Amino acid sequence: MTQPKSSNNGAMAALIAAFLGWLFDGFEIGLFPLIGKPALQDLLPQASAIVQTQWFTVIIAVFLVGAATGGVLFGWLGDKLGRVKAMTLAIFTYAIFSGLCAFVTEAWHFAGLRFVPPSAWVVSGRWGLPWSMKSGGTRTAPGSPA
């Protein structure tokens with residue numbers, strides 16, 4: 001059984017969009033170690049270098065926990081809302097929380113905005129959902145009755 005051509009093109013477009021999203025997420029992840037410390041120096045001008053470094057490591061750890069959380073959350077949302085809606089939500093969430101990072105005034109604001117999407121939840125959500133759309137994955141869990 002073959003899929004209609006338009007359905008296959010839409011799935012491929014979603015996969016390409018996800019790949020480009022991951023490309024830019026990877027760029028952001030690679031850029032953060034370069035700009036994170038100078039940004040924290042601006043946010044915490046009176047703090048010692050040790051405190052700034054501690055905040056830097058906390059922000060990276062929070063980001064990694066957020067990435068793991070995002071895999072679970074967006075996988076669940078993909079099953080509940082549908083993959084296209086979940087991916088759209090992931091992209092909007094990414095845009096909103098990335099933009100909010102420009103307005104942080106405290107280090108903990110920055111940590112919170114790194115946990116919620118900029119790359120954390122969206123990295124996981126934007127990759128798994130399009131792959132399942134491309135492969136024609138079902139909405140039911142493996143092993144459950146269809």
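FYI, side chains are in, hydrogens and waters are out, and symmetry mates aren't considered; it's all heavy atoms of this structure. Predicted model, so just to flag it, every value in this text is computed and none were measured.
Between I59 and A107, the shortest heavy-atom contact is CD1-O, 4.2 Å. Across every non-hydrogen atom of L113 and V104, the tightest pair is CD1-CG1, 3.5 Å. Between A111 and W55, the shortest heavy-atom contact is CB-CZ3, 4.3 Å. Closest approach of T93 and L89 over heavy atoms only: OG1-O, 2.6 Å.
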What donor-acceptor contacts under 3.5 angstrom involve side-chain atoms of residues 33-41, with partners at least two apart or in another chain?
none

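F92 and F115 fall into different hydrophobic clusters, defined by Ile, Leu, Val, Met, Phe, Trp and Tyr side-chain heavy atoms under 4.5 Å apart, directly or through other members. Tracing side-chain contacts under 4.5 Å through hydrophobic residues (I, L, V, M, F, W, Y), one reaches V65 starting from V58; they form part of the same cluster.
Annotation: I50, atom CD1; neighbour count of heavy atoms from other residues, nucleotides and ligands within 6.0 Å does not exceed 12.
Applying the ring pair (Phe, Tyr, Trp, His ring centres under 6.0 Å) rule to pairs touching residues 25-51 yields F32-F56, F32-F110, sequence neighbours excluded. Contacts classified as side chain to side chain donor-acceptor pair (under 3.5 Å) and involving residues 100-110 (residues at least two apart or in different chains) are given here: T105-H109.
Under the side-chain contact (heavy atoms from CB on, under 4.5 Å) criterion, A47 pairs with L44, V51, Q52, sequence neighbours left out.
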